[in-house]
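Counting convention: from 1, in listed order, for ligands and their atoms alike. Counting begins at 1 with the first residue of the sequence.
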Amino acid sequence: MSASATAIGDVEQVQPVGAERRQWSLDEIMALFELPFNDLLFEAQTIHRRHFDPNRIQMSRLLSIKTGSCPEDCNYCPQSAHFDTGLEKERLMKVEQVLEAARAAKEGGATRFCMGAAWRGPRGEDFETALAMIEGVKGLGLQTCASFGLLSSEQARQLKAAGLDYYNHNVDTSEEHYSEIITTRSYQDRLDTLAHVRDAGMHICSGGIVGLGEQQQDRAKMLQTLANLPKPPESVPINLLIPIPGTPLAEAERPDPFDFIRTIAVARILMPTSYVRLSAGREDMSDEMQALCFLAGANSIFCGEKLLTAKNAAPGRDRSLFDRLGLKPEGAA
Ligand code: SAM
Ligand code: DTB
Ligand code: SF4
């Protein structure tokens, strides 16, 4: 039997149709990364079709409700106060401004509205305001998501009570590579926040970034951490690093596009019922690369002209890509 057939056979053996997978070993995950590209994509698409309509894409819209001056030192981030990225800092937005943006997002086809804040974690009056934003957005009939940094268990409960559906907090990379990228908070801090989110009864949105100078094994370990959580995240954003001038990763080597697509495919196989989001970095991807990401099992994107601070693929370009590929936004007729 060929190596690829063996690896695929193993996957089928350990993850029969309909069965719930519990724990993945690093060797199993590395074997997936090492499959011939066509075999890996076939496997990922096959699993994808068991759980999702392959021609529907969920659309989320991001808004930065508080931009810049972040005390954390994430080496990739334009919003860290540790680096001079020329970003214009902004105070916390007003609730009504956020609701206006959420209404526009809904009209633009988004079903989920994600509010990001450049905080180590939410505090004081600002947190009260953020809770009011969540209540308001939920009242518009949108799914709500927030990305506010580290949370205590009490804060997680307050977010849930305000109507928060998803909390985004990425593990970003493997535990080993993490300390090369962020020093101001630990991997365990991140896992603790995810546990608080889960205990409070919210859905988890957690993924990472490809292009931080990591090895394939770091990507495998990152996905292993996510897939082996007590319950895998319902939403898994896979970001391609947007190199930001002024950050330590401004000149990072761009990963091989096929390795990025492989990461999407492995995420799909490990977390068959999760939404895998093709997240940051689409602006610089070709239409063909995005199409391969969808074939690999990505079924969610950020829509709209902006992410938090960086440019996103233009809405007109997305519409045209969807038309050419016969894709439809989830929830659309
Ligand atoms: N401050 C909050 C936090 O860190 O959880 C929320 C916002 S933070 C910008 C959310 C995520 O955006 C990060 O965890 C990272 O995965 C992603 N991100 C930030 N800058 C990026 C970049 N330049 N390229 C790709 N992804 C990026
Ligand atoms: C995620 O994984 N990607 C989004 C969201 N979660 C909050 C953020 C991407 C940020 C890209 C850089 C920027 O716009 O500042
Ligand atoms: Fe701050 Fe989040 Fe950026 Fe890190 S990723 S610097 S925590 S805004």
Side-chain angles (χ1 to χ4, degrees), residues 60-83 85-90 112-123 126 130 144-151 155 166-173 177-178 181-187 189-194 197 204-214 222 226 233 235-252 254-255 260 263 267 275-285 298 300-313:
S60 292
R61 183 69 160 98
L62 276 170
L63 178 69
S64 177
I65 62 164
K66 190 268 165 189
T67 303
S69 313
C70 184
E72 305 298 299
D73 68 353
C74 312
N75 266 353
Y76 48 74
C77 187
Q79 306 203 63
S80 168
H82 296 255
F83 320 122
T85 62
L87 183 74
E88 209 170 303
K89 302 159 185 64
E90 289 164 27
R112 191 180 307 168
F113 192 69
C114 309
M115 291 155 271
W119 291 327
R120 176 172 168 83
R123 287 204 319 223
D126 282 357
T144 50
C145 178
S147 192
F148 296 161
L150 299 174
L151 293 183
Q155 287 173 327
Y166 289 80
Y167 194 76
N168 167 244
H169 197 59
N170 292 340
V171 296
D172 275 344
T173 185
H177 193 59
Y178 184 89
I181 305 298
I182 301 148
T183 68
T184 50
R185 57 183 171 192
S186 71
Y187 210 70
D189 289 336
R190 297 220 178 209
L191 297 176
D192 290 346
T193 288
L194 294 180
V197 170
I204 290 180
C205 171
S206 188
I209 309 182
V210 175
L212 302 175
E214 75 284 354
M222 172 181 91
L226 295 170
S235 208
V236 183
I238 305 293
N239 297 277
L240 176 63
L241 177 76
I242 303 177
I244 308 285
T247 63
L249 288 166
E251 305 296 332
R254 200 173 157 81
F260 180 85
T263 308
Y275 281 81
V276 176
R277 184 172 310 117
L278 173 55
S279 301
R282 284 197 307 117
E283 204 215 355
D284 285 337
M285 290 179 198
S300 172
I301 58 168
F302 286 121
C303 58
E305 61 287 336
K306 210 171 167 192
L307 295 164
L308 289 174
T309 68
K311 270 180 40 197
N312 191 21

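- For the 3.5 Å distance criterion, the side chains of S206 and N170 fail to qualify, holding no donor opposite an acceptor.
- Under 2.8 Å from atom 4 (Fe) of ligand 3 lies no N/O/S atom of C77, from backbone or side chain alike.
- In this structure, of T309, I244, T85, I242, the residue bringing a heavy atom nearest to atom 13 (C) of ligand 2 is T309.
- For the atom pair OH of Y275 and OG of S60, the computed distance is 10.0 Å after rounding to the nearest 0.5 Å.
- At the shortest separation from atom 20 (N) of ligand 1 among protein heavy atoms lies Y76 CD1, 3.3 Å.
- Nearest approach of G304 to N312, heavy atoms of both residues: O-ND2, 2.8 Å.
- Here the shortest heavy-atom pairing between S235 and R112 reads OG-NH1, 3.2 Å.
- In this structure, OG1 in T247 is found 13.5 Å from NE2 in H82, a value given to the nearest 0.5 Å.
- The shortest N or O to N or O distance between I242 and ligand 1 is below 3.5 Å.
- For ligand 3 and R185, the ligand atoms under 4.0 Å from any heavy atom of the residue are 4 (Fe), 7 (S).
- In terms of protein heavy-atom proximity, atom 4 (C) of ligand 2 is nearest to F302 CE1, 3.7 Å.
- Taking a cut-off of under 4.0 Å to the non-hydrogen atoms of I244, the atoms of ligand 1 that pass are 23 (N).
- Summarising the geometry, atom CG belonging to N75 is positioned 8.0 Å from atom CD1 belonging to I182; distances are rounded to the nearest 0.5 Å.
- At the top of the distance list for atom 9 (C) of ligand 1, counting protein heavy atoms only, stands L308 CD1, 3.5 Å.
- Shortest contact from atom 7 (C) of ligand 2 to any protein heavy atom: N168 OD1, 3.5 Å.
- In terms of polar-atom proximity, A280 is not counted as a contact of ligand 2, lacking any N or O under 3.5 Å from an N or O of the ligand.
- Scanning L150, N170, I181 for the heavy atom closest to atom 11 (C) of ligand 1 points to N170.
- Against a heavy-atom cut-off of under 4.0 Å, P237 is close to the following atoms of ligand 2: 2 (O).
- In the vicinity of A118, heavy-atom distances shorter than 4.0 Å reach the ligand 3 atoms 8 (S).
- Both cation-pi conditions hold for R277 and F302: the charged atom is under 6.0 angstrom from the six-membered ring centre and inside a 45 degree cone around its axis.
- Looking at ligand 2, you'll find an N or O of N170 within less than 3.5 Å of one of its N or O atoms.
- The side-chain heavy atoms of I209 and L240, taken from C-beta on, include no pair separated by under 4.5 Å.
- Nearest-residue assignment for atom 6 (C) of ligand 1 (options A250, C77, S147; heavy-atom criterion): S147.
- Residue contact annotation: M115 has no non-hydrogen atom under 4.0 Å from ligand 1.
- Residue contact check: L241 has heavy atoms under 4.0 Å from atoms 24 (N), 25 (C) of ligand 1.
- For P78, the heavy-atom gap to ligand 2 drops under 4.0 angstrom.
- By heavy-atom distance, the residue among A117, G149, S64 lying nearest atom 1 (N) of ligand 1 is A117.
- Close contacts between ligand 2 and L307 involve ligand atoms 14 (O) [criterion: under 4.0 Å to a heavy atom].
- Summary of contacts: the protein heavy atom closest to atom 27 (C) of ligand 1 is I209 CD1, 3.8 Å.
- Atom CG of residue L151 and atom CZ of residue R190 lie 12.0 Å apart, to the nearest 0.5 angstrom.
- Here atom 14 (O) of ligand 1 lies nearest to D172 when heavy atoms of D172, L249, T247 are compared.
- Against a heavy-atom cut-off of under 4.0 Å, H169 is close to the following atoms of ligand 1: 5 (O).
- The shortest contact between atom 3 (N) of ligand 2 and any protein heavy atom is with N239 OD1, 3.0 Å.
- Numbered from 1 in the order shown, with element, the atoms of ligand 1 that lie under 4.0 Å from a heavy atom of L240 read 25 (C).
- Which of Q79, R185, E72, R120 comes nearest to atom 3 (C) of ligand 1 through a heavy atom is settled by distance: it is R185.
- Distance from atom 12 (C) of ligand 2 to its nearest protein heavy atom, with residue and atom name: A310 CB, 4.1 Å.
- What sits closest to atom 10 (C) of ligand 2 on the protein, heavy atoms only, is L308 CD1, 4.2 Å.
- Ranking the protein heavy atoms by distance from atom 1 (Fe) of ligand 3 puts C70 SG, 2.3 Å first.
- In the vicinity of A280, heavy-atom distances shorter than 4.0 Å reach the ligand 1 atoms 25 (C), 26 (N).
- Here W119 contributes atom CH2 and S147 contributes atom OG; the two are 10.5 Å apart, rounded to the nearest 0.5 Å.
- Under the 3.5 Å distance criterion, with hydrogens and angles disregarded, a donor-acceptor pair is assigned to the side chains of Y76 and D172.
- Checking side-chain atoms of Y167 against main-chain N and O of F148 turns up a donor-acceptor pair under 3.5 Å.
- Atom CG in D189 sits 7.5 Å away from atom NE2 in H169 (nearest 0.5 Å).
- In this structure, R120 has no heavy atom closer than 4.0 Å to ligand 3.
- For R123, the CZ atom counts as loosely surrounded, since its 6.0 Å shell holds 12 or fewer non-hydrogen atoms of other residues, nucleotides or ligands.
- Counting only N and O atoms by type, the side chains of T173 and E214 include no donor and acceptor under 3.5 Å apart.
- Every atom of ligand 1 is numbered from 1 in the order shown, and the set under 4.0 Å from a heavy atom of W119 is 1 (N).
- Counting the atoms of ligand 3 from 1 in the order shown, those under 4.0 Å from a heavy atom of Y76 are 5 (S).
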